[in-house]
Amino acid sequence: MARIDLNSDVGESFGNWSIPDASMLSIVSSANVACGFHAGDPLTIRGTLQSAVEKGVAVGAHIGYRDLAGFGRRFIDYRPRELSAEVIYQLGALDGLARAAGTRIRYVKPHGGMYNTIVHHKDQAHAVIDAIAEYDETLPVLLLPGGYALDYARKQGLRGVAEAFADRAYNPDGTLVSRREPGAVIDDAGQVVENMLRLAQDGVLIARDGTRIRTEAESICTHGDTAGAAQMAATLRSALEDAGVQIRSFVEA
């Protein structure tokens, strides 16, 4: 039986900005919980962690740049030592809240600007991956396949887990189409289901120019901050299960 993980970014509400997590946590098998730098606050994060525990969802630390105003999607030219310290700070903060909720962080996923930067930026990739290894070398890291960070993580002895994005368009080289470009986010549930069934069954993604991209993805990300996100995620999960694909977190043996 084919098997794949469904993950989503959660815990990202902040102040008057509210993104409901309950529906998504009933669908996914892994939850990327914001650590307070790109989104979220301690009260929101703690509530999200408690919900994840209740629903039996694996918890990951969704680390990011210190950029609440830009939702962590803007590049920041950090000094490596500073970036490393900020990664460890976020891991410790989320792990403390997770322990209070009766769980632990099981993996790490960089967010937004950080995620896309370390695909090619070697200094930042080293800072992020080395910081994770320094904090806990047993934590898997969820990253874009084909990127420098994934390769470096594996060379450093970490478990690098490749993922695909259900609602994002791809360039022919396997990178994500910039959100600044039209068509970067896919809102057609039928297209999402078709693309992800192909991924789960054949290990193939289709770039926006039709190029077939072979991928090793073990997880599918369904973003939680887009319109109709939970409904699309539920449709995708049902389609995968109907096709005989088992939904299970990649952290589970």
Side-chain angles (χ1 to χ4, degrees), residues 7-15 17 19 30-49 52 58-101 103-144 147-163 176 219 221 225 251:
N7 77 78
S8 187
D9 305 342
V10 292
E12 293 182 326
S13 298
F14 183 79
W17 184 12
I19 303 174
S30 299
N32 318 317
V33 183
C35 300
F37 271 29
H38 78 274
D41 55 54
L43 184 61
T44 294
I45 293 167
R46 187 173 190 180
T48 297
L49 289 165
V59 167
H62 202 31
I63 57 175
Y65 289 151
R66 190 189 290 266
D67 180 28
L68 284 171
F71 200 65
R73 288 185 174 146
R74 302 179 294 187
F75 171 73
I76 297 179
D77 191 13
Y78 277 95
R79 292 175 298 168
R81 288 185 63 195
E82 182 181 7
L83 181 56
S84 177
E86 296 216 337
V87 167
I88 294 172
Y89 183 95
Q90 292 177 78
L91 295 176
L94 190 71
D95 204 20
L97 288 167
R99 290 189 189 204
T103 188
R104 295 290 303 274
I105 58 173
R106 306 284 301 282
Y107 66 94
V108 183
K109 178 181 173 179
H111 166 79
M114 179 188 290
Y115 184 98
N116 290 313
T117 295
I118 64 176
V119 167
H120 57 81
H121 194 300
K122 293 184 179 181
D123 287 345
Q124 287 208 11
H126 292 171
V128 171
I129 298 303
D130 291 348
I132 294 169
E134 188 176 357
Y135 183 81
D136 185 347
E137 62 186 8
T138 69
L139 290 172
V141 190
L142 200 54
L143 295 163
L144 192 71
Y148 179 80
L150 182 61
D151 183 54
Y152 181 71
R154 290 170 174 170
K155 287 180 178 177
Q156 296 307 108
L158 297 179
R159 181 185 172 196
V161 179
E163 72 171 334
L176 299 174
S219 184
C221 178
D225 63 329
V251 302

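Residue numbers count from 1 along this sequence. Keep in mind it's a predicted model, so treat the numbers as computed, not measured.
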To the nearest 0.5 Å, tell me how far Tyr78 OH sits from Gln124 CD. 8.5 Å
Atom CG in Leu176, atom OH in Tyr115: separation rounded to 0.5 Å? 6.5 Å
Whether Asn7 side chain and Ala31 backbone form a donor-acceptor pair below 3.5 Å: no
If you take all heavy atoms of Val161 and Pro140, which pair is closest and at what distance? CG2-CB, 4.1 Å
To the nearest 0.5 angstrom, please state how far the CG atom of Leu139 sits from the CG atom of Asp95. 8.0 Å
Verify the distance criterion only: is there a donor paired with an acceptor across the side chains of Tyr135 and Gln90 at less than 3.5 Å? no
Identify the two heavy atoms, one from Tyr107 and one from Asn32, that lie closest to each other, and give their separation to 0.1 Å. OH-OD1, 2.6 Å
Mind checking the OG1-CZ spacing from Thr138 to Arg106? Nearest 0.5 Å is all I need. 9.5 Å
Nearest atoms (heavy-atom pairs only) where Ile45 meets Gly11: CG1-O, 4.1 Å
Using a 4.5 Å cut-off on heavy atoms from C-beta on, say whether the side chain of Phe37 contacts that of Ile63. no
From CG (Asp136) to CD1 (Ile88), nearest 0.5 Å: 11.5 Å
For Asp9 and Glu12, which heavy atoms make the closest approach, and how far apart are they? CB-OE2, 3.6 Å
Are more than 12 heavy atoms from other residues, nucleotides or ligands located less than 6.0 Å from atom CZ of Phe75? yes
Classify the ring geometry of Phe71 against His38: parallel below 30°, tilted from 30° to 60°, perpendicular beyond 60°. perpendicular
Minimum side-chain heavy-atom gap Leu158-Glu137 below 4.5 Å: yes
Whether the side chain of Ser84 engages the backbone of Pro80 through a donor-acceptor N/O pair (distance < 3.5 Å, no angle test) should be reported. no
Heavy-atom count check: over 12 atoms from other residues, nucleotides or ligands less than 6.0 Å from Arg159 CZ? yes
If you compare all heavy atoms of Ala100 against all heavy atoms of Arg46, which two are closest, and at what distance to 0.1 Å? CB-NH2, 4.2 Å
Can you check whether Asp130's main-chain N or O pairs, donor with acceptor, with Tyr152's side chain at less than 3.5 Å? no
Pairwise side-chain contact, Pro110 with Leu143, heavy-atom cut-off 4.5 Å (strictly under): yes
At their closest point, which heavy atom of Ala127 faces which heavy atom of Leu83, and how far apart are they? CB-CD2, 4.0 Å
Just so I know, are the side chains of Met114 and Val87 near enough to count as touching, which here means a heavy-atom distance under 4.5 Å? yes
Find the distance between NZ (Lys155) and CD1 (Ile129) and round it off to the nearest 0.5 Å. 13.0 Å
Residue pair His126 / Tyr148, side-chain donor-acceptor N/O under 3.5 Å: yes
Could I get the full list of salt bridge (charged side-chain N to carboxylate O under 4.0 Å, His left out) partners for Asp123, not counting sequence neighbours? none
Kindly indicate whether the side chain of Cys221, heavy atoms from C-beta on, has any atom under 4.5 Å from the side chain of Lys109. yes
Are the side chains of Leu94 and Leu49 in contact, using a 4.5 Å heavy-atom criterion? yes
What pairs with Phe14 under ring-ring contact (aromatic ring centres under 6.0 Å, His included), at least two apart in sequence or on another chain? none
